[in-house]
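Order of the sequence lines sets the chain letters (A, B, ...), proteins ahead of strands, with each chain counted from 1. Note that this is a predicted model, so its numbers are computed, not measured.
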Number of protein chains: 2
Amino acid sequence: MVTVDAEALSEDEPRVDDRVVSHLTCHAAIFTIVEDQLSLLLTERNQGPFRFQWELPGLTPQPQEDLEIAARRSCAALLDTNWPLELQQLGAYGHPDRDPRHRSVSVIYWGVAANIDLDVAAGGEPSNARVVAFSEFTSDEFRFAFDHADIASDVVRALRRSLTQTSIATQLCPPAFTMSQLQSVYEAVFNTSVSAGNFHRKVRNTPGFIYPAGNSTRESIGKGRPPQLFQAGELVALSPPFTFEASL
Amino acid sequence: MVTVDAEALSEDEPRVDDRVVSHLTCHAAIFTIVEDQLSLLLTERNQGPFRFQWELPGLTPQPQEDLEIAARRSCAALLDTNWPLELQQLGAYGHPDRDPRHRSVSVIYWGVAANIDLDVAAGGEPSNARVVAFSEFTSDEFRFAFDHADIASDVVRALRRSLTQTSIATQLCPPAFTMSQLQSVYEAVFNTSVSAGNFHRKVRNTPGFIYPAGNSTRESIGKGRPPQLFQAGELVALSPPFTFEASL
DNA sequence: CCAAAAGTGTTTAGACTACACCCATGA
DNA sequence: TCATGGGTGTAGTCTAAACACTTTTGG
């Protein structure tokens, strides 16, 4: 009984049947913000099970390909530029009947992008990809393929935790941004309102969160006082973290 | 280009070669505290690559077996009782050459146990399992199999984060414990010293962290004032979290 | 001048640190 | 009575929440 692990791990001649092998896919959950709404890049399946339902972009890794590279590749074609996309692993999903065809394990990565221009990326061709707003993909009517509704719920939680504990929110802003743009990132992700004054101080008092940007492009097209421009700093930890609570 | 995901995911007749299948194992990292030292349950490989080196207990899941169940099974035989073991997923490890034999993906779970009695579990038979102290398995001399040194490092980080943010530390204590026993859990995990008075208040002021236990078994065998006994509460979140820093 | 947005000051409340201090037991 | 470990009280500090206030623009 105590050698139960060695029995499985030390097969010098592994059998190629479904006791020792499994189907493996890597997926990427890419967040962005569209019209002040937290949104997720999804693709519509056009064949196989769950046809015409939506999933996180994914693929099977190549034999010598790292899991994260595979996840990055799964969404690279859908994103406009060679974005310096940083992915973090959410985890592995492997419930036995999550895929009706066969035992399947999916490793999920997630990241953020300041903007996603699907039209540019697709070069005008029709695409089965869409950027779906939070309110839509969390509604009961939205049709996720496989267990991707659960995964989407988990990955939103991971994003929110990252926003409270790190300075990752700057990666959801353009290269130069104002304090209220940064604030609206938090308001979109948590679907809540943030006190502007205290937010301002908390961010400025966190070393490395932001750096001042040259006010060269300040055009002051708004009504009020023209804002200062900032650029993203390093990815630093917030201590203590924000205490935002998601309202949905 | 934009349908790159569909190409891989929607094969109704998946080919059984190493492009679409991979070897999968589930492992459990079980922490416990032995003589005030954070320790990890490890097994020595007795065949295959990395023979006589140490790994987290693991196995290949059965076709219809959930990943977490498989991880639990991998260490169940090594633990004395049917401990109500709660496992959390750490993540998936799948670097292409982490196993010299073939492409291999390992999903790691972790949990804590108040005590591990290997002799009782093995029923007196010789076992290839050992509870290894932190100072030993983090030393340069210690020989981990595969990439399990990286995994061990990551899982210690996950444990420490859980201790700062939740009340999981009570699960590393016996059913009834004193405040200083609980405190020594933190001191062992973070290899640091904790101010007793402030620790006491922080724990008592967190609703659900602990509940008073009947002082029936108080035997007051020590020198000083007899301590109160507590029992574990629910697994609650600490807000704000502890701010302990690991000293190693 | 007024409205609106940006940014700063000020007050209050909560929580941690540090350290002093009481409590209850064994020797 | 003293040493020892358990537990509480308290002052100083740091931070955040709430809200008033100033600054700078457009109409």
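- Considering only the side chain of A:Ser180, C:dA6 comes nearest among C:dG7, C:dA6, D:dG6.
- Nearest nucleotide to the B:Arg225 side chain, out of D:dT25, C:dC23, C:dT17: C:dC23.
- In the set D:dA16, D:dT4, C:dT8, the nucleotide with an atom closest to the side chain of B:Lys223 is D:dT4.
- Residue-to-nucleotide contacts include a donor-acceptor pair under 3.5 Å from the side chain of A:Arg201 to the base of C:dG9.
- In this structure, the side chains of A:Arg204 and A:Phe230 come closer than 4.5 Å at one or more pairs of heavy atoms.
- Atom NE2 in B:His200 sits roughly 15 Å away from atom C1' in C:dC21 (whole-Å rounding).
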Show me the donor-acceptor pairs, under 3.5 Å and distance only, between side chains in residues 236-248 of chain A and residues at least two apart or in other chains.
| residue | atom | partner | partner atom | Å |
| --- | --- | --- | --- | --- |
| A:Ser247 | OG | A:Asn191 | O | 2.5 |
| A:Ser247 | OG | A:Asn191 | ND2 | 3.2 |

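- The backbone N or O of B:Gln37 lies less than 3.5 Å from a partner atom in the side chain of B:Ser39, making a donor-acceptor pair.
- The nearest whole Å value for the distance from the CZ atom in A:Phe199 to the P atom in C:dT8 is 14 Å.
- At least one cation-pi condition fails for A:Arg143 and A:Trp54: the charged atom is not both under 6.0 angstrom from the six-membered ring centre and inside a 45 degree cone around its axis.
- Contacts between residues 230-242 of chain A and DNA chain C, defined by a heavy-atom separation under 4.0 Å, are absent.
- The side chain of B:Pro227 sits closest to D:dG7 out of D:dG7, C:dA6, D:dT24.
- Looking at B:Thr170 and B:Phe177, their side chains come closer than 4.5 Å, going by heavy atoms from C-beta outward.
- Side chain of A:Thr243, nearest nucleotide from D:dG7, C:dG7, D:dA17: D:dA17.
- In this structure a side-chain-to-backbone donor-acceptor pair under 3.5 Å is present from A:Arg72 to A:Leu85.
- Checked by atom type and distance alone, the side chain of A:Thr206 pairs as donor or acceptor with a backbone atom of A:Lys202 at under 3.5 Å.
- Between A:Asn205 atom CG and C:dG9 atom C1' there is a gap of 13 Å when expressed in whole angstrom units.
- As rounded to whole Å, 16 Å separates atom P of C:dA24 from atom CG of B:Leu229.
- In this structure, CD of B:Gln228 is placed 11 Å from P of C:dA24, rounded to the nearest angstrom.
- Ring planes of A:Phe134 and A:Phe137: perpendicular class, angle over 60° (limits at 30 and 60°).
- For D:dA18, the base has a donor-acceptor partner in the side chain of A:Asn198 [N/O atoms by modelled type, under 3.5 angstrom].
- Atom CD in B:Glu245 sits about 11 Å away from atom P in C:dT17, given to the nearest Å.
- For the segment residues 181-197 of chain B, residues with any heavy atom less than 4.0 angstrom from an atom of DNA chain D are, sorted by number, B:Gly197.
- You'll find the side chain of A:Leu40 reaches within 4.5 Å of the side chain of A:Phe31, heavy atoms only.
- Between D:dT15 and A:Lys202, no contact under 4.0 Å exists linking OP1 or OP2 to a side-chain N or O.
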